[in-house]
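Everything on this sheet refers to the single structure shown next.
We count ligands from 1, going down the list as the structure has it; atoms in each ligand are counted the same way. Every value quoted in this text rests on a predicted model; they were computed, and no experiment measured them.
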Amino acid sequence: MPSDHRMNDLQQATEIVRRRGMATPRTAIILGSGLGGLASEIEDPIAIRYAELPGFATSTASGHQGKLIGGKLDGVPVVVMAGRFHRYEGYDDAAVTFPLRLMAELGASRMIVSNAAGGLNPGYRVGDIVVLRDVIDWAKSPTRLGDDVTSAIDRVALASPISVVDEELLEAALQAARNADFTAHVGVYLATLGPTYETRAEYRMMRRFGIDVVGMSTAPEVRMARQLGMRVLALSMVSNVARPDIAVIANHEEVLAAGQAAAFKLRAIVAHVNQLPSP
Ligand code: HPA
């Protein structure tokens, strides 16, 4: 048994959460910028502030609540991160992904992760949902691999390139969109460090690389979840569209507003996928 700090933190955090009476979750859900509204729909919620959990960093981005919430969504036990950690806040990949290890320890066998992202694919519109087929990570952090505060799982998980795709969950998400009568695309997500949005030249370059959406999160969580054996569904909500030839600059307010308008789409997909039996 590794005797490093993170392992102790994981055991203590798990114990705290269990003591508060959280049931074994089927699905771990990470809510992105402006998509936190879903948290208020959880039945019999048990909310624990990140500050109460050893190993958790503190979330600072606006539009993020900073709470782990257990309960039921449509009758299915879930654990929800209302607020997540970003590398632009100064956290390394190990800190950003620590909650995943807790949620896996609690028993979640799949993860639905959402984010707000800039649309590069010219076919996308603000408010569209993109189901991610794969992720490119341009911001892998200098996690201190080999450092004795980094556990064995961090060492492997954060160093492994693993694809996102779970074909079954991806198809289920597309089906949910069709059922609810809205468009969902399938695309590739690029994770940058942030916190800046892109220059027009950067958007132009990314588009030429064939990237469909760009954002500042999700890649480390996906990598960790896959390493922990969870099935992953990753969703982007297009909060702004890149117009490399027009002088408009993305801003955080429009990202949050688009999230509110598209929340019902995320809700429909989560409802459908969450009902699928566990693997
Ligand atoms: N770029 C990077 N991250 C983002 C964007 C964007 O245009 N929109 C929302 N998150």
Side-chain angles (χ1 to χ4, degrees), residues 29-38 59-66 81-91 93 96-97 112-141 164 182-223 233-266 269:
I29 303 175
I30 304 180
L31 300 174
S33 289
L35 299 168
L38 196 136
S59 187
T60 54
S62 78
H64 287 265
Q65 302 178 39
M81 282 184 76
R84 61 137 65 87
F85 306 114
H86 301 86
R87 294 179 287 198
Y88 62 72
E89 296 171 273
Y91 304 123
D93 286 353
V96 167
T97 58
I112 302 177
V113 54
S114 63
N115 60 60
L120 294 157
N121 185 315
Y124 294 177
R125 299 287 170 265
V126 169
D128 282 358
I129 297 289
V130 185
V131 186
L132 304 187
R133 179 182 293 297
D134 213 340
V135 165
I136 298 171
D137 193 357
W138 265 0
K140 293 190 181 91
S141 76
V164 183
F182 64 85
T183 308
H185 310 283
V186 176
V188 170
Y189 176 92
L190 171 71
T192 68
L193 176 62
T196 51
Y197 294 100
E198 285 64 37
T199 65
R200 289 152 75 185
E202 286 170 331
Y203 278 137
R204 209 174 285 124
M205 175 188 68
M206 290 169 184
R207 191 178 268 184
R208 287 186 65 163
F209 279 180
I211 292 155
D212 297 295
V213 275
V214 55
M216 306 170 195
S217 65
T218 301
E221 292 104 316
V222 162
R223 213 154 55 235
L233 176 67
L235 304 167
S236 286
M237 184 275 304
V238 177
S239 60
N240 54 290
V241 288
R243 311 277 298 276
D245 301 315
I246 298 175
V248 277
I249 294 171
N251 67 73
H252 196 55
E253 284 64 41
E254 78 176 325
V255 168
L256 295 182
Q260 276 148 22
F264 81 95
K265 298 179 183 176
L266 181 76
I269 292 177

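Those atoms of ligand 1 that come under 4.0 Å of a heavy atom in Met216, given as number and element, are 2 (C), 3 (N). Residue Asn240 has at least one heavy-atom neighbour below 4.0 Å for each of these atoms of ligand 1: 5 (C), 6 (C), 7 (O), 8 (N), 9 (C). Near Ser239, meaning under 4.0 Å from any of its heavy atoms, are these atoms of ligand 1: 8 (N), 9 (C). The Glu198 neighbourhood of ligand 1 comprises atoms 1 (N), 2 (C), 6 (C), 7 (O), with distances under 4.0 Å to a heavy atom of that residue. Heavy-atom proximity to Tyr203, at under 4.0 Å, picks out these atoms of ligand 1: 1 (N), 6 (C), 7 (O).
In terms of heavy-atom proximity, Ala242 sits nearest to Arg207 at O-NH2, 3.1 Å. Val131 approaches Ala184 most closely through the heavy-atom pair CG2-CB, 4.4 Å.
Look at Arg133 and Asp212 and you find no salt bridge, because none of the NZ, NE, NH1 or NH2 atoms lies under 4.0 Å from a carboxylate O.
Exactly one residue among Leu120, Leu132, Asn115, Asp128 makes a side chain to side chain contact (heavy atoms under 4.5 Å, CB included) with Val213. That residue is Leu132.
Contacts with ligand 1 closer than 4.0 Å are made by no heavy atom of Ala242, backbone or side chain.
The closest side-chain donor-acceptor pair between His185 and Asn121, if any, does not fall under 3.5 angstrom.
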